[in-house]
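Written below as structure tokens is the structure these notes are about.
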Amino acid sequence: MEQPICLVGIGKIAVDQHVPAIAASGDWTLAATVSRAGTVEGVPSYSDFDAMLAERQDIHTISLCLPPVPRYDYAARAIAAGRHVMLEKPPGATLAEVQDLQTMAAARGVSLYTTWHSRMAKGVAAAKVFLSDKVVTGGHIDWKEDVRRWHPDQDWIFEPGGMGVFDPGINALSILTNVLPAPVHIKSAELQFPANKFTPIAASVQFSGDLTMELDWLNEGRQMWEMTLRAGGDVVALLDGGNRCVINDVEVAGTTLDEYPALYHHMATLVREGRSDVDLAPMVHVSDAMTLGKRINVAPFSF
Ligand code: NAP
């Protein structure tokens, strides 16, 4: 049976992915939206989150599509009102605030899901299974895209808490932390900050275990979201943001659901089983890169 769900923050990702995924889902019905400006045709819309929580006692689950900085406040109010909560990635602006939400959700007896959409990319599960009994001996990640094309005029990504190039880069880290059979940690990093911005526009990261990562937001050429992991003589390549898995030059079959339908399916399972799924491993690496990374000032940026 379909459960009513409310989407909060009707911006780019809500319109591109969440609304169609919910519409196609057998688990959920979009019963309300909360937005300062946006609406979804045919769906009751609210501009006041607390009013929606008070009026719509039929809605037990809230999906938050806001940027990370305002998200905690909404999540805390939803949990306090006894609602299950689904968080877009990155799950918050800080690690501690997400841990706080986890504690609150456990105390209130509701489900909290820190979604990582790239982990649901179709090739990721096959890579994880293949690597599960191996020792990863090295690898490289290239996450190089054009910020003007994918985040047009989204000023928040360059504000404190917006994470800059780690906003897409955390998707690579979500895959890495999912498929590696043993954890790695950051040994060094160089972060390029535009002189007029608070967050990095490019980063070079060196992990333990001969693993490197290049993030670049000024790539106007071929858009690249790929990683190669070596395990002895075996080579696993995850291409197209994890949607294709090539093992030793042979393409392997992927999972069937697209990323956002898979997230909503998992949320339905969590709610049904009374569980939470909170994993901060990708965000720990971002935090470590910001803590340890060498800051390099580069040319100012404008959209
Ligand atoms: P966005 O379009 O810039 O913002 C989403 C919506 O959040 C806005 O339309 C606005 O909704 C609301 N919002 C923004 N600032 C707010 C504030 N200070 N207080 C309250 N509401 C605020 O961003 P987005 O691209 O959808 O990204 C949102 C999240 O999804 C981010 O964490 C991002 O990493 C993640 N994500 C984005 C993409 C992508 O391709 N863009 C892909 C995957 C995941 P209202 O005007 O409706 O109130």
Side-chain angles (χ1 to χ4, degrees), residues 64 66-69 71-72 75-76 85-106 112-121 124 127-128 131-132 135-136 138-143 156-157 159-193 198-215 217 225 227 229 238 241-242 263 266 270 275-295:
L64 298 177
L66 311 158
V69 169
R71 203 176 303 127
Y72 169 84
V85 172
M86 194 168 162
L87 303 170
E88 248 299 353
K89 53 63 50 172
T94 69
L95 294 163
E97 69 180 31
V98 184
Q99 288 167 338
D100 188 30
L101 294 176
Q102 186 175 18
T103 304
M104 289 171 61
L112 179 68
Y113 181 19
T114 56
T115 68
W116 297 107
H117 66 85
S118 291
R119 282 188 179 172
M120 298 301 196
V124 172
K128 183 180 171 81
L131 291 171
S132 61
V135 176
V136 172
H140 183 70
I141 297 170
D142 277 317
W143 231 251
W156 62 263
I157 53 182
E159 293 295 321
M163 296 190 192
V165 76
F166 284 99
D167 177 78
I170 204 168
N171 297 334
L173 293 169
S174 74
I175 295 175
L176 184 74
T177 50
N178 189 238
V179 302
L180 283 184
V184 291
H185 57 271
I186 292 179
K187 304 286 284 183
S188 65
E190 286 194 357
L191 313 176
Q192 296 184 21
F193 283 73
F198 294 109
T199 62
I201 199 158
S204 301
V205 181
Q206 173 83 52
F207 294 88
S208 58
D210 198 19
L211 191 63
T212 51
M213 177 170 80
E214 293 291 328
L215 306 179
W217 237 353
W225 303 282
M227 72 178 67
L229 299 171
L238 280 164
L263 293 180
H266 186 53
L270 292 175
R275 290 190 292 123
S276 286
D277 183 347
V278 176
D279 182 6
L280 287 171
M283 206 167 141
V284 167
H285 287 311
V286 176
S287 192
D288 285 357
M290 299 286 197
T291 307
L292 188 65
K294 189 186 292 178
R295 180 184 172 126

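Residue numbers start at 1 and run along the sequence shown.
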Item checked: Residues forming a salt bridge (Lys or Arg N to Asp or Glu O under 4.0 Å) with R71, sequence neighbours excluded -> none
Margin query: Using side-chain contact (heavy atoms from CB on, under 4.5 Å), reason through L173 and F207 one step at a time and then give a plain yes or no.
Written below: CA-CA 11 Å; L173 293 169; F207 294 88; 3.6 Å; yes
Margin query: Can you give me the closest heavy-atom contact between F166 and V205, atom names plus distance?
Written below: CZ-CG2, 4.5 Å
Margin query: Nearest 0.5 Å, please: how far is CD1 in I141 from CD1 in I175?
Written below: 8.5 Å
Next item on the list: Look at the side chain of S188 and the backbone N and O of Q206, then say whether any donor-acceptor pair between them is shorter than 3.5 Å.
Entry: no
Check: Excluding sequence neighbours, so at least two apart, what forms side chain to side chain donor-acceptor pair (under 3.5 Å) with W116?
Finding: none
Item checked: T94 OG1 to Q99 CD distance, which is reported to the nearest 0.5 Å -> 8.5 Å
Next item on the list: Heavy atoms only: give me the nearest L101-A75 pair and the separation to one decimal.
Entry: CD1-CB, 3.6 Å
Item checked: Min side-chain heavy-atom separation S276-Q102 under 4.5 Å -> no
Check: Can you name the one residue among E214, K294, E190 that meets side chain to side chain donor-acceptor pair (under 3.5 Å) with S204?
Finding: E214
Notebook entry, point to check: Would you say the side chain of V179 lies within less than 4.5 Å of the side chain of R119, judging by non-hydrogen atoms?
Noted result: no
Checklist line | Heavy-atom check, side chain of T177 versus side chain of H285, under 4.5 Å | finding: yes
Margin query: If we ignore hydrogens and angles and just use 3.5 Å, is the side chain of T114 paired with the main-chain N or O of D279 as donor and acceptor?
Written below: yes
Checklist line | Rounded distance [0.5 Å steps], CG in L263 versus CE in M120 | finding: 5.0 Å
Next item on the list: Return the minimal non-hydrogen interatomic distance between V124 and S118, and the atom names on each side.
Entry: CG2-O, 3.5 Å
Checklist line | From L270, T115, L112, residue fulfilling side chain to side chain contact (heavy atoms under 4.5 Å, CB included) relative to D277 | finding: L270
Notebook entry, point to check: Where is the tightest heavy-atom contact between I170 and P282, given as atom of each residue plus distance?
Noted result: CG1-CB, 3.8 Å
Notebook entry, point to check: Rounded to the nearest 0.5 Å, what separation is found between the OG1 atom of T199 and the CD1 atom of I201?
Noted result: 8.0 Å
Check: Are any of the side-chain heavy atoms of H140 and T212 separated by less than 4.5 Å?
Finding: yes
Item checked: Value rounded to 0.5 Å, distance of CG in D142 from CG in L215 -> 9.0 Å
Next item on the list: Determine the minimum heavy-atom distance between P90 and M163, stating which atoms define it.
Entry: CG-SD, 3.5 Å
Checklist line | Minimal non-hydrogen separation, P68 against E97, with atom names | finding: O-OE2, 4.1 Å
Next item on the list: State whether the side chain of K89 and the backbone N or O of D167 hold a donor-acceptor pair below 3.5 Å, judged by distance alone.
Entry: yes
Checklist line | Stepwise side-chain contact (heavy atoms from CB on, under 4.5 Å) check, L176 with L211 | finding: CA-CA 10 Å; L176 184 74; L211 191 63; 3.8 Å; yes
Check: Distance from T291 atom OG1 to I186 atom CD1, nearest 0.5 Å?
Finding: 9.0 Å
Margin query: Are S174 and H117 packed together at the side-chain level, in the sense that at least one heavy-atom pair is separated by less than 4.5 angstrom?
Written below: no
Item checked: Audit row: N171, W143, side-chain contact (heavy atoms from CB on, under 4.5 Å) steps and yes/no -> CA-CA 9 Å; N171 297 334; W143 231 251; 4.1 Å; yes
